[in-house]
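Reckoned from all heavy atoms, side chains included, excluding hydrogens, waters and symmetry mates.
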Amino acid sequence: MGTPPPLTRREASGHDSHDTSQDDDYDQDQVPESTDEQHTAEAEAAAAKRAKAELIGRTAAIFIMPLILVGMMITGYLGTMHSPSANDMPVVVAGSDSKAADMKFALDGSEPDALDVDTVDDAHTAREMVYDREASAAVVITGDKATLYTAGGAGVQQQTTVTSLVMPALQEEGLDVDTEDIASLPDDDPSGLGAMFLMTAIVMAGYLPFSVLRSNSPELLKFTRIVPILGAWAAVIAGLVWTVACPILDIVDIKDTVAVLGVAWLGVFAISCVQLLITRIAGALGVIVGIFFLMVLGMPSSNLSYPVYTMPAFYRFTHEILPMPAIGEALRSVLYFDGAGVTEHLLVLAIGAVVGLLLTKAYDFISHRRNPDPKPLDVNIPSLHGGRRPDSKVWRYISLIVFPLAMVTMMLTFMLGAMGSPTPKDMPVTVVGSSTEQAKDTIADLEKSLGKDMFDFTATTDKEEARAQVEDRDEVAALVLPSQKNADFGLTANEAGNKSAYQVVNRIFDEVASQQDVELNVDNVNVLPDRDTNGVVVMYVAMGWVLSGFMVVIVGANANPWSRPLKRMIPLTAVYAPFMSLVVALIAGPITGAVDGHFAALWGAGTIAIFCIAMFAMVFERLIGMLAIIPVIGTLMFAGMPASNGAISEYMIPSFFTTLHDFLPMAAAVETIRSIIYFDSDVVTEHMQVLGLWGLVSLALVFLIDSIKPPRTEHDFGNLHLEQERERNKQARKQAKALEGSSSTATVRSTIVDDDRFEPARQAESTDQRAYTAAPTAGDGLKHRSAEVGIEHSYDDSHYPTDPKSADQQGRIPSTV
């Protein structure tokens, strides 16, 4: 009898699906080898197609991830804080019925949209409302006198804003006005920034661990493991916060120790519980969702950076429910108001923690009911140090702790230490007199009354030269003394040069003029526009450049290590830099309206800045992998922000950071943007040279590092498959123990527990599972295929469970339960 002809694929498919009873009669040895080869070729072609698609997707992620993160942060901050204006700021008036009503009418008429004025019965109630932060200010009228009560502890910005709105109306009514601060800020925290920086550090400590935990060690996310870990982590951060803020920086009074520890612990724990729920729902992308709710919405809602009554109305709602405002207000209550009003904010945090845990548990329960046998969570980041995944859990867990702990520590020590108590030091001011002797005599008097450390005075007789120096930002201000030709006491200052320095010289020299019983005439050589009333636009645009620059390297190395060699990374960054610079320029200009014009200049300068910062980040990524975030962010942001001359003048921070102003990329970026927007690009070249030098030196170092150790182009997951196998076996044993009392105990135990008869199958399954569960790599390493190979067992079928699911599936439970 002749050999039957081979079946076509269509015939074979029909044969398999419609006549399976004949399979046993068909001799498998008669199938030609060409059929198997054809199937193998098709499988390889499909695998190559999937690998190509994955490579494209991972390369696209290098652009998409920074676009989302930088886009939402810069849009959120610039959109809300570039030009805050008062809106329905609550003010109460007390006095006789007629006078209170008249004053209310006058205030409503002077600032109809800015103020929300109400009357109260007596002065005591008015004061209490200010102290309880139910009102921004209170006006108490007695006869022809009025007292304006404010609370510096409720925010310097709020105090300044409400005073500037109320005072003119009081003076127009012909009242003799006194002011009283019923909750003044302590000498060690004169700007009230202590609560804000502590709040930011606590929030960072709550969500940062999840940025790597889900992708590196997902086994820790099991509910019974993660909850006690979060409790211990919160205790560590609370101790760190107190140590830095109390004995080291003296921002926190020793009497507030227990309260600060409690707020810090509950704050970190509540944030972590919320982030845990977000991570359950959104997976590895949960950190982006968390940053949006906790930071992007949280900071404008906090009432600490700017008064919530100067933000859009939506943020007054989020102020009441988000954890970041609750942490900030609780700290403010403890530090500046002797704990008054802290309970309601602690309650918000407690509710957030409980709801986060309950919803996480409910999510796990529902997920387990729907899918009792899910595959283990993928590990996408094998190690934080950039090498092979450590075999020891101890080293892996230590690196997980080091990353967020170092970030929080730098946030506290650098930002709070440098900016927590800004005071002028060696601020350059020129004194212009009719003669050099007059100027020098005035300087001697000023140093005697103000001290020698506050200002660095220079005597001159040339008023025009002094004004030019102020315009060029070589001098912060010029004090023009009265003369026979001009009896005015004048001050020449530059608001666009730095708003904080401008405010300081105005306040101090206005007091000097008042002591001389003369009026201070201010000549502002460069006024900030209404779209940038606080002069912070330059800082937020620079933040966009810096974040964009280092993210392309960190995301690229972890999402697509194939891109790491310079021959691929340089062209990729050359495309990425102008793309992200365009995004930042669009956000600053057309989207938020914070910048008017200068689009091409900002785009070009941003392209160079982003590229150079990426080269700098690449040096540390080559050396320590993802842990490069610590030195890179430490240098660019935590040290760079105080030294940048952005939000706070370089002459109001410790001298160490003042020295760094001329060398750090963040400072160069801020001064470049300021020069472009407000000073016709007068000093762009010198600051771009600083950025270019950082880029060139960094690129040379990367060349040197790559010549010694070529960069890896794929992840090395080490013995990850063994870790996952041990985890599955552990869960299988737990489930087997739980089922011992059921009627099917014998069947279950024969398939789940260790049995020497199943060792060959288990080894084959382990090999298969490794290919299935190991996270795919990119480029040269994209060679993984799904492990869907059937294993032929030689032992008796009676040992199999009646359930069609495999023994491994029965022994596996969700990784997050």
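The backbone N or O of Leu193 sits less than 3.5 Å from a side-chain atom of Asp189, completing a donor-acceptor pair. Arg712 contributes no side-chain N or O that, together with a main-chain N or O of Gly387, makes up a donor-acceptor pair within less than 3.5 Å. Proximity of a side-chain donor or acceptor of Tyr363 to a complementary backbone N or O of Arg280 within less than 3.5 Å is detected. In terms of modelled atom types and a separation under 3.5 Å, the side chain of Ser548 and the main chain of Gly544 share a donor-acceptor contact. Side-chain atoms of His715 do not come within 3.5 Å of backbone N or O of Ile381 as any donor-acceptor pair. Remark: side-chain polar atoms of Trp265 are paired, donor with acceptor, to backbone N or O of Gly231 under 3.5 angstrom. Side chain of Thr257 to backbone of Ile254: a donor-acceptor contact under 3.5 angstrom is found. Distance alone, capped at 3.5 Å, places no donor-acceptor pair between the Arg214 side chain and the Leu221 backbone. Judged purely by atom type and a 3.5 angstrom limit, His385 has no side-chain atom pairing as donor or acceptor with the backbone of Gly625. The backbone N or O of Ile401 lies less than 3.5 Å from no partner atom in the side chain of Trp233, so there is not a single donor-acceptor pair.
Between Leu357 and Phe223, the closest heavy-atom pair is O-CE1, 3.6 Å. Of all heavy-atom pairs between Val334 and Val260, the closest is CG1-CG2, 4.1 Å. A pairwise comparison of heavy atoms in Pro300 and Thr80 identifies CG-OG1, 3.5 Å as the closest pair. Nearest approach of Leu276 to Ile226, heavy atoms of both residues: CD2-CG2, 3.8 Å. Of all non-hydrogen atoms in Tyr336 and Ala195, the two that sit nearest each other are OH-N, 3.4 Å. Considering every non-hydrogen atom in both Ile251 and Gly194, the closest pair reads CG2-CA, 4.0 Å.
In Tyr397, the OH atom is crowded: over 12 heavy atoms of neighbouring residues, nucleotides or ligands sit closer than 6.0 Å.
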- Item | Test salt bridge (Lys or Arg N to Asp or Glu O under 4.0 Å) applied to Arg396 and Glu219, step by step | CA-CA 12 Å; Arg396 180 153 47 91; Glu219 73 276 4; 2.9 Å; yes
- Give the C-alpha distance, both sets of side-chain angles, the deciding distance and a yes or no for side-chain contact (heavy atoms from CB on, under 4.5 Å) between Met199 and Glu329. CA-CA 9 Å; Met199 170 193 69; Glu329 294 289 10; over 6 Å; no
- When you look at Arg564 and Glu621, which way does the salt bridge (Lys or Arg N to Asp or Glu O under 4.0 Å) test go after all the steps? CA-CA 10 Å; Arg564 293 181 77 242; Glu621 194 282 324; 3.1 Å; yes
- Query: Passes side-chain contact (heavy atoms from CB on, under 4.5 Å), Tyr309 versus Arg316? Steps please.
  - Reply: CA-CA 7 Å; Tyr309 294 105; Arg316 299 182 200 177; 3.8 Å; yes
- Query: Would Asn380 and Asn558 satisfy side-chain contact (heavy atoms from CB on, under 4.5 Å), going step by step from the backbone distance to the final call?
  - Reply: CA-CA 8 Å; Asn380 298 316; Asn558 291 280; over 6 Å; no
- Task: Before giving the answer on side-chain contact (heavy atoms from CB on, under 4.5 Å), spell out for Tyr315 and Leu297 the whole-Å C-alpha distance, their side-chain angles and the decisive distance to 0.1 Å.
- Result: CA-CA 8 Å; Tyr315 291 98; Leu297 294 182; 4.1 Å; yes
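Considering Leu266, Val408, Val241 in turn, Val241 is the only one that fulfils the side chain to side chain contact (heavy atoms under 4.5 Å, CB included) rule with Ile202.
Rounding to the nearest 0.5 Å gives a distance of 10.5 Å between CD1 of Ile271 and CZ of Phe210. Atom-to-atom distance recorded for Leu261:CG and Thr243:OG1 is 8.0 Å, nearest 0.5 angstrom. The CD1 atom of Ile291 sits 10.5 Å away from the CD1 atom of Ile278 when rounded to the nearest 0.5 Å. Atom CG of Leu405 and atom CE of Met410 lie 10.5 Å apart (nearest 0.5 Å). Here the CG-CE distance, from Leu78 to Met543, works out to 9.0 Å after rounding to the nearest 0.5 Å. Of the inter-residue distances, the one linking Met204 atom CE with Leu412 atom CG reads 8.5 Å to the nearest 0.5 angstrom.
Using the six-membered ring where Trp is involved, Tyr77 and Tyr540 have ring planes that are tilted, between 30° and 60° apart.
Two residues are said to be in side-chain contact when any heavy atoms from C-beta on lie closer than 4.5 Å; Leu400 and Leu220 meet this criterion. In this structure the side chain of Phe317 never reaches within 4.5 angstrom of the side chain of Ser301, judged on heavy atoms. Looking only at side-chain heavy atoms (C-beta outward), Ile288 and Met72 come within less than 4.5 Å of each other. No side-chain heavy atom of Asp364 sits under 4.5 Å from any side-chain heavy atom of Ser367. With a 4.5 Å cut-off on side-chain heavy atoms, Asn216 and Arg389 count as touching. In this structure the side chain of Ser191 never reaches within 4.5 angstrom of the side chain of Met419, judged on heavy atoms. With contacts defined as side-chain heavy-atom distances shorter than 4.5 Å, the pair Cys246/Asp250 does not qualify. Counting heavy atoms from C-beta outward, Leu198 and Arg332 have side chains that stay 4.5 Å or more apart.
Ser563 and Arg58 share no donor-acceptor pair across their side chains, judged by distance under 3.5 Å alone.
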